Amino acid sequence: MALALYTHPDMLAHRPPSWHHERPERLTAVLDALGDASGLDLEPFEAPLADADDLSRVHPPRYVIALDEAEPPSGERPLDPDTWLSPGSTRAARRAAGAVAAAVRRVAAGEADRAFCAVRPPGHHAGPEYPMGFCLYSNAAIGARVAQAAGLRRVAIVDFDVHHGNGTQDIAENDPELFFASIHEAFAWPYTGLPTETGLGNVANAVSPPGAPPALWRRLWEGLMARVADFDPDLIIVSAGFDAHVREPMPDISQQLEEADFAWATGAILEAAKGRARGRVVSSLEGGYDLAALGRSALAHVRALQGG
């Protein structure tokens with residue numbers, strides 16, 4: 001079965017200031033890499049706008065209204081030093097959340113085994129009532145709630161972005177039918193995600209030391225995937241951030257991964273999905289800010305998703 005690909009050009013309209021790392025060219029780099037590649041079997045779909053019902057599975061209506069009202073008619077407006085709005089930002093964020101929701105519904109209906117959502121803005125730092133770290137809506141968590149409503153009650157969200165998915169953890173940690181597993185760099189922003197943070201026993205955090213060799217990172221990821229396999233979810237949702245790449249420009253990041261490591265990590269996810277999930281995986285783009293590395297890493301991830 002072809003890999004479903006969800007994206008939309010509206011997501012290019014979200015334009016933080018020109019100096020900002022999270023820029024429209026990121027999405028273009030991913031889509032260009034996929035478009036130029038040979039041997040992929042992708043079925044493209046237009047990412048819908050997330051409706052109010054799906055957003056409210058995670059975010060209260062007052063938060064959604066506040067975001068809409070904060071969007072400026074022109075220029076840019078900061079919500080915090082990292083997170084900005086421009087004209088079109090909230091529509092882009094609804095497309096990003098809508099992509100994951102639609103992908104989950106397609107997989108839940110048996111119309112696809114797996115999907116990749118090429119989206120921006122990212123989502124894993126957004127909590128129920130706060131934007132943070134470039135993120136407006138919690139895309140992966142919304143997808144998890146949609147899955148539960150569609151009958152896939154046990155959902156694991158796995159996150160290999162170099163920064164801890166604090167927003168996703170805030171949403172998942174009190175639901176015993178959700179499992180959240182994250183690997184991230186030690187001592188890096190947002191300074192959360194210690195191994196001692198375990199929720200109801202449904203949260204697993206692995207901390208990779210600064211400058212860690214890929215072999216160590218892989219051992220930590222294997223441990224997380226063993227926990228996911230033990231949880232035996234009906235579906236795995238991936239927060240696919242590629243900013244642990246050795247070329248990552250963020251000044252506080254020093255991981256050493258390359259494209260092959262992300263492909264390997266994807267294969268480990270597919271192994272963890274062989275139980276109750278029967279191979280069902282939906283992946284959503286998070287971080288990654290070197291454009292060349294981002295394009296190549298996303299392609300490696302998609303190839304592995306398709307080929308497993």
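Source: prediction; values computed, not measured.
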Say you draw a straight line from [atom1] of [X] to [atom2] of [Y]; how long is it, rounded to the nearest 0.5 Å?
{"X": "Asp36", "Y": "Leu31", "atom1": "CG", "atom2": "CG", "value": "10.5 Å"}
{"X": "Leu220", "Y": "Phe160", "atom1": "CG", "atom2": "CZ", "value": "15.0 Å"}
{"X": "Thr198", "Y": "Phe180", "atom1": "OG1", "atom2": "CZ", "value": "13.5 Å"}
{"X": "Thr168", "Y": "Asp159", "atom1": "OG1", "atom2": "CG", "value": "6.0 Å"}
{"X": "Thr266", "Y": "Phe116", "atom1": "OG1", "atom2": "CZ", "value": "9.5 Å"}
{"X": "Arg26", "Y": "Arg120", "atom1": "CZ", "atom2": "CZ", "value": "7.0 Å"}

Given side chains that start at C-beta, do those of [X] and [Y] come closer than 4.5 Å, heavy atoms only?
{"X": "Ser283", "Y": "Leu305", "value": "yes"}
{"X": "Glu258", "Y": "Pro214", "value": "no"}
{"X": "Glu185", "Y": "Pro210", "value": "yes"}
{"X": "Leu67", "Y": "Tyr137", "value": "yes"}
{"X": "Leu3", "Y": "Leu40", "value": "no"}
{"X": "Cys135", "Y": "Pro121", "value": "no"}
{"X": "Thr28", "Y": "Leu12", "value": "yes"}
{"X": "Met250", "Y": "His21", "value": "yes"}

Would you call [X]-[Y] a salt bridge at under 4.0 Å N-O?
{"X": "Glu71", "Y": "Arg91", "value": "no"}
{"X": "Asp54", "Y": "Arg105", "value": "yes"}
{"X": "Lys274", "Y": "Glu271", "value": "yes"}
{"X": "Arg227", "Y": "Asp230", "value": "no"}
{"X": "Arg153", "Y": "Asp234", "value": "no"}

Under a plain distance cut-off of 3.5 Å, with no hydrogens placed, do [Y] and [X] share a side-chain donor-acceptor pair?
{"X": "Glu286", "Y": "Ser239", "value": "yes"}
{"X": "Arg145", "Y": "Gln148", "value": "yes"}
{"X": "Ser56", "Y": "Asp53", "value": "no"}
{"X": "His164", "Y": "Ser182", "value": "no"}
{"X": "Tyr130", "Y": "Asp170", "value": "yes"}
{"X": "Ser138", "Y": "His59", "value": "no"}
{"X": "Gln169", "Y": "Asn205", "value": "yes"}

(request) Applying side chain to side chain contact (heavy atoms under 4.5 Å, CB included), run through Glu248 and Val162 and close with a yes or a no. (result) CA-CA 10 Å; Glu248 176 59 31; Val162 79; 5.5 Å; no

Looking only at heavy atoms, what is the nearest atom pair of [X] and [Y], with distance?
{"X": "Pro233", "Y": "Val228", "answer": "CD-O, 3.4 Å"}
{"X": "Tyr6", "Y": "Ala47", "answer": "CD2-CA, 4.3 Å"}
{"X": "Val104", "Y": "Val146", "answer": "CG1-CG1, 4.0 Å"}
{"X": "Asn202", "Y": "Asn174", "answer": "ND2-N, 4.5 Å"}
{"X": "Gly287", "Y": "Asp243", "answer": "CA-OD2, 3.9 Å"}
{"X": "Ala4", "Y": "Arg106", "answer": "CB-CD, 4.2 Å"}

(request) Please state whether the rings of His245 and Phe262 are parallel, tilted or perpendicular, taking 30° and 60° as the class boundaries. (result) parallel

(message) Show, in sequence, the C-alpha distance, side-chain angles and deciding distance for Arg62 and Glu129, and conclude whether the salt bridge (Lys or Arg N to Asp or Glu O under 4.0 Å) test is met.
(response) CA-CA 8 Å; Arg62 62 180 174 269; Glu129 293 196 67; 2.8 Å; yes

(request) Starting from the C-alpha separation in whole Å, work towards a yes-or-no answer on side chain to side chain contact (heavy atoms under 4.5 Å, CB included) for Phe179 and Val155. (result) CA-CA 6 Å; Phe179 191 92; Val155 181; over 6 Å; no

(message) Go through it in stages, so that I can follow the logic: the residues are His184 and Ser208, the test is side chain to side chain donor-acceptor pair (under 3.5 Å), and I'd like the CA-CA distance, side-chain angles, deciding distance and then a yes or no.
(response) CA-CA 6 Å; His184 41 275; Ser208 183; over 6 Å; no

(request) Tell me, please, which residues at least two apart from Arg154 pass salt bridge (Lys or Arg N to Asp or Glu O under 4.0 Å). (result) none

(request) Given side chain to side chain contact (heavy atoms under 4.5 Å, CB included), test Trp84 with Arg77 step by step and report yes or no. (result) CA-CA 6 Å; Trp84 292 69; Arg77 175 174 294 167; 5.7 Å; no

(message) Please determine whether residues Ile237 and Val281 belong to a single hydrophobic cluster, defined as Ile, Leu, Val, Met, Phe, Trp and Tyr linked transitively by side-chain heavy-atom distances below 4.5 Å.
(response) no

(request) Give a yes or no on whether Leu299 and Leu270 share a hydrophobic cluster (residues Ile, Leu, Val, Met, Phe, Trp, Tyr; joining criterion: side-chain heavy atoms under 4.5 Å apart). (result) yes

(request) Report the residues that fulfil ring-ring contact (aromatic ring centres under 6.0 Å, His included) with His125, sequence neighbours left out, ordered by chain and then residue number. (result) Trp189

(request) Could you check Leu85 against Leu79 for side chain to side chain contact (heavy atoms under 4.5 Å, CB included), going step by step and ending with a plain yes or no? (result) CA-CA 7 Å; Leu85 296 178; Leu79 299 175; 3.8 Å; yes

